[in-house]
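I have placed the structure first, in the form of structure tokens, so that the comments after it can refer back to it.
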2 protein chains.
Amino acid sequence: MPQVPRQDKAPTSADVARAAGVSRTTVSFVLNDVPGSGISDATREKVLAAVRELGYAPNAGARALRAGTGNLVVYAMPRWPLGPAINSVIERTRAALADRGLVLLVHGDRSLTGTDAALAWAELRPRAVIADTDRCTAESVDLLRRHGVRTVVLVGEEDVPFAPTVRLAQRKVGRVAARHLLDRGHRRIAAIVPTGDLAEPGELRYAGLAAEVATTGLAVARHDLGFDHDAALALARAWAADPDGRPRALFAYNDEFAALMLRALRDAGLSVPGDIAVLGVDDTPLCELVQPRLSSVALHTSDFAEAHVRVLLELLDRGPHEPWPELPENEPRVVVRDSA
Amino acid sequence: MPQVPRQDKAPTSADVARAAGVSRTTVSFVLNDVPGSGISDATREKVLAAVRELGYAPNAGARALRAGTGNLVVYAMPRWPLGPAINSVIERTRAALADRGLVLLVHGDRSLTGTDAALAWAELRPRAVIADTDRCTAESVDLLRRHGVRTVVLVGEEDVPFAPTVRLAQRKVGRVAARHLLDRGHRRIAAIVPTGDLAEPGELRYAGLAAEVATTGLAVARHDLGFDHDAALALARAWAADPDGRPRALFAYNDEFAALMLRALRDAGLSVPGDIAVLGVDDTPLCELVQPRLSSVALHTSDFAEAHVRVLLELLDRGPHEPWPELPENEPRVVVRDSA
DNA sequence: TTGTACGCGTTATCAG
DNA sequence: CTGATAACGCGTACAA
């Protein structure tokens, strides 16, 4: 146990000054490495020792109050699960920001939208905010700007005119999938659209697929499905019972749904890819583990995380009112294995 | 576009007062719903209108500075991935805290430990901190307390004497798995211990398994493995080539590793559970998707999240120096399917 | 209801 | 290097 006196109030820079036998000014100079101030190594060491002794941590709020802005960056949790990508995006962003002395805080509230969300983030007076486009209107962004947020980066399907957007286009995923299936000669194509949490991105991926398929004059059979083996099995059995109505290729929303369908199709006596081809999305490790191995549209989330961070850092350097450069967009590609 | 004048400084409560034609005191009374102050509905409405008009968001830092404590709760990202559990734990915690007007922020820095970590969290002067035991010493906790953090909840393997701990015991997972396999008559048991990020929890799960098995006088064959198909296949082939040395039951670190081994075993010509039983951990949807369907030790993370939140809320009401009650512990159970 | 005045912890300025 | 002073935005005690 540390031998410091028990006190119920946090130590202040004044406490540090007293303990070190110097002035508060000196403490501030040492802690902020102020260049022009001739602080001897001896006093500097005394101050740092006192800091350690007291367990002093500068009050971020007071500091931000004084400086007009702090070193917080708010990362608003995307409303729909980005899948495995999210962890690596957050971690890389955090590391990059830490290099600049900025602290990344993930703001978990997914229920807030528009100005409500912006107000919640603005309370923290962050230096930058990263959020998804569909929770931010022009008004939200303006609100943030007025609260001193210098950088706003949005992530989402659409490029919006009022803030830089890193595009993670879901429709494009559907289009790429469609192109792949069409190029392989498939003409009877079906799609799984998940219900529940994933409904929104499911809608987008489906829309992209359907749009691309439509350019050839064909249509897509749409099947809304929860993540449920029985429902999947019912669908597979219906296909097994009706060879003429059965699709020859299936775009599952992601690898998990694809694996679910793989299982159901096999249980219904259909073979993959013989009777029906199956295509997943995300290129997760799961692809290699199922039988047959699953072809999948890779989002290249690693590249995406990289781009994300690069953009953020570049934007941090620009002023809040300068125009922003062209931003990168995801480039989904199909990783071909056995199933499609 | 909002018609408010463009200004580069955030609106303050004084601005709101001016816009509403009232005093700053009144604004504060309205915004904080101060009971004793007789504010007419008319003025209240005027104030709220001005708030909306200006897009006013109270400065959390200043507020906390004045009040001595804010409404932030820091959730320090666990150092090892908790798997799918983490999202639900965070979301439930956030919702429960939001009901009390507290804001949950996930502090993503996994690299900090001990007092360094505590200092980083303390800068925000949060009301409560949730962190993992292995990053917190008695000194860290003391540090937080001295910085006005009223509640510290730890999550981890061990119960520690200096703070309430919600136990998510990994060794216990291994023990339960061992008991299951032993009860089924297995005597030649092997275990996969993952390398990389998951090495630490892997070590713990293995330790629990080995300890339980040791009580019967038997030993466990340990195999360190990355998540890599080739390595898994090599292991499976070695077992296929040596029937006498082959284990009859395999404890894989989690469902993903179990699925990986399932795949490798099949590729090596071994049957599951005929030649070798396989047991995963986490009871993920994956279990139903692989062939044969995977038996798995369920952590009951949903119950765990519930308990986690309940504990946190109860502790928030207690004073920082009161003793804490007995805390719940995870109760892993085996969900038996086809593989073991 | 209003205005005034203070202090929370920090940094900055400026004359010793 | 010190010491005094001011300001950031907010909440509140107090007297009107």
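To find a chain, count down the sequence lines: A is the first, B the second, and so on, and within it residues start at 1. Worth saying up front: this structure is predicted, and the values here are computed from it rather than measured.
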* **Euclidean distance, atom CZ of residue Arg18(B) to atom P of dG3(C) [Å, nearest integer]** => 12 Å
* Asked: Would you call Arg100(A)-Asp317(A) a salt bridge at under 4.0 Å N-O?
  -> yes
* Asked: Reckon Thr12(B) touches a base, only the sugar-phosphate, or nothing at all at heavy-atom distances under 4.0 Å?
  -> sugar-phosphate
* Please report, rounded to the nearest Å, how far the C1' atom of dT10(C) is from the OH atom of Tyr56(A). => 7 Å
* Hey, is the side chain of Arg24(A) pairing donor to acceptor with the base of dT11(C) inside 3.5 Å? -> yes
* For Thr25(B) and Ala57(B), take the nucleotide of DNA chain D holding the closest heavy atom to each; which residue's nucleotide lies nearer the 5' end? -> Ala57(B)
* Validation row: Leu154(A), Pro164(A) side chains within 4.5 angstrom (heavy atoms) -> no
* Just compare dG11(D), dG3(D), dT11(C) and give me whichever is closest to any side-chain atom of Ser28(B). => dG11(D)
* To do: Kindly indicate whether the side chain of Leu312(B), heavy atoms from C-beta on, has any atom under 4.5 Å from the side chain of Leu97(B).
  => yes
* Could you tell me the separation between the CZ atom of Phe29(A) and the C1' atom of dC14(C), rounded to a whole number of Å? => 10 Å
* Quickly work out the Asp15(A) CG to dC8(C) C1' distance and round it to whole Å. => 13 Å
* Value in whole Å for how far the P atom of dT12(D) lies from CD1 of Ile39(B) -> 13 Å
* Asked: Between Arg63(A) and dT11(C), does any side-chain N or O lie under 4.0 Å from OP1 or OP2?
  -> yes
* CG of Leu65(B) versus C1' of dC8(D): gap in Å, rounded? -> 9 Å
* Asked: Is the shortest side-chain N/O distance from Lys9(B) to OP1 or OP2 of dG9(D) below 4.0 Å?
  -> yes
* Residue whose nearest DNA chain C nucleotide is more 5′ - Ala42(B) or Asn32(A) -> Ala42(B)
* Structure fact -> Here the pair of heavy atoms bringing Ala17(A) nearest to Arg24(A) is CB-N, 3.7 Å
* Should Thr26(A) and Arg44(A) count as side-chain neighbours, where that means a heavy-atom distance under 4.5 Å? -> no
* Short side-chain N/O contact from Asn59(A) to OP1 or OP2 of dC8(C), under 4.0 Å -> no
* Asked: Does any donor-acceptor pair link the side chain of Arg66(B) with the base of dG7(C) at a separation under 3.5 Å?
  -> yes
* Asked: Hey, is the side chain of Thr26(A) poking within less than 4.0 Å of OP1 or OP2 on dT2(D), counting only N and O atoms?
  -> yes
* Asked: Looking across every strand, which nucleic acid part, if any, lies under 4.0 Å from Ser13(B) by heavy atom: base, sugar-phosphate, or nothing?
  -> sugar-phosphate
* To do: Let me know the distance between CG of Asn71(A) and P of dT11(C), rounded to the nearest Å.
  => 11 Å
* Asked: Rounded to whole angstroms, how far apart are CD on Glu123(A) and P on dG11(D)?
  -> 10 Å
